[in-house]
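Structure first, then comments.
Atoms within each ligand, like the ligands themselves, are counted from 1 in listed order. The analysis underlying the following values was restricted to heavy atoms, covering all of them including side chains, and did not include hydrogens, waters or symmetry mates. For this chain, numbers begin at 1 and follow the sequence in order.
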Amino acid sequence: MAVLPPKIGTKEWKFMLTVNLHHLKSHEVHLEGELPVKELDLDLRDPMIRAEQPLRYDLTVEKLPDAILLTGSLCLPLDCECVRCLEPFEHELNLAEWTCLLPLTGEEKVTVDNDCVDLTPYLREDILLEFPRHPLCKPDCRGLEKTSTGKTKPGRKPRAETVSSPWTELNKLKL
Ligand SMILES: [Zn+2]
């Protein structure tokens, strides 16, 4: 994949979730929107989980005496495959009351570039921690059914015909 060179004087070549410390001096900043998931640079090792949809964020940024406080919500839809029955399903990763403290002093202090702090790495860390370790389509998924030959096959869903409904009752009457 080609890497776009930065355009001089603008940062539009890359989506970045940044906050300007200068703006924070007088008031808190509200950030809301979507971040293309590739900007998060998630290092996904699990083939059962794909992240292709954008991250939605809704954050309030406050300046504390020697730190920046982020509070708000993060939401990332994931396309998963159930580890038991191999059925695809969507899992929404939700960090509803997310908070993150970014120190401006000390060893752990954030990198400030032109008064701006890139928040993306801090989002990435906490999002990765929330990833399901063993994605399951439902907590009690029974997974692959064993057949008499000992081989496994995907679990079957109940077929529509076996469920009693006014239509199946009507069909019986017709017969
Ligand atoms: Zn399942």
Side-chain angles (χ1 to χ4, degrees), residues 1-4 13-19 29-61 68-102 108 110 117-175:
M1 201 170 66
V3 179
L4 294 172
W13 59 278
K14 194 175 188 267
F15 286 91
M16 267 171 47
L17 193 55
T18 58
V19 67
V29 172
H30 189 222
L31 300 169
E32 193 181 346
E34 291 190 341
L35 185 73
V37 75
K38 66 178 166 57
E39 302 299 341
L40 278 174
D41 212 6
L42 299 171
D43 182 17
L44 296 183
R45 307 266 169 94
D46 191 339
M48 305 306 255
I49 305 174
R50 282 176 299 129
E52 281 158 10
Q53 300 178 59
L55 169 83
R56 294 197 299 276
Y57 58 85
D58 187 344
L59 300 172
T60 302
V61 191
I68 308 172
L69 177 67
L70 305 177
T71 47
S73 64
L74 302 172
C75 182
L76 180 68
L78 300 174
D79 294 301
C80 300
E81 232 173 85
C82 177
V83 292
R84 288 194 194 146
C85 70
L86 305 178
E87 289 283 334
F89 69 102
E90 192 172 284
H91 175 81
E92 208 170 59
L93 204 147
N94 249 315
L95 286 78
E97 286 170 44
W98 185 65
T99 60
C100 185
L101 194 67
L102 310 181
E108 300 278 294
V110 294
V117 176
D118 183 6
L119 306 177
T120 324
Y122 307 98
L123 270 63
R124 174 196 302 129
E125 243 171 69
D126 282 2
I127 285 168
L128 279 173
L129 286 174
E130 287 297 311
F131 263 63
R133 294 287 169 268
H134 300 286
L136 290 175
C137 61
K138 50 179 189 279
D140 60 344
C141 173
R142 295 203 301 194
L144 301 166
E145 286 174 5
K146 284 240 171 7
T147 62
S148 52
T149 57
K151 287 180 186 164
T152 53
K153 61 178 180 181
R156 270 179 300 178
K157 294 187 184 113
R159 294 197 309 185
E161 301 93 279
T162 61
V163 180
S164 186
S165 77
W167 295 108
T168 52
E169 295 306 313
L170 262 176
N171 282 338
K172 276 180 202 161
L173 288 174
K174 276 184 200 156
L175 294 169

Original post:
Crowded around Glu92 CD? As in, over 12 foreign heavy atoms under 6.0 Å?
Top reply: yes
**OP:** Please list, in chain and residue-number order, the protein N/O/S atoms closer than 2.8 Å to the Zn ion (ligand 1).
**Re:** Cys82 SG, Cys85 SG, Cys137 SG, Cys141 SG
Original post:
Quick one: side-chain hydrogen bond (donor to acceptor under 3.5 Å, both in side chains) partners of Asp126, sequence neighbours excluded?
Top reply: Trp98
**OP:** Give a yes or no on whether the backbone of Leu40 and the side-chain of Arg124 come within a donor-acceptor separation of less than 3.5 Å.
**Re:** yes
Subject >> Glu97, CD: over 12 other non-hydrogen atoms inside 6.0 angstrom >> reply: no
Subject >> NE2/His30: more than 12 non-hydrogen atoms of other groups inside 6.0 Å >> reply: yes
Original post:
Is the shortest heavy-atom distance from the side chain of Leu119 to the side chain of Leu31 under 4.5 Å?
Top reply: yes
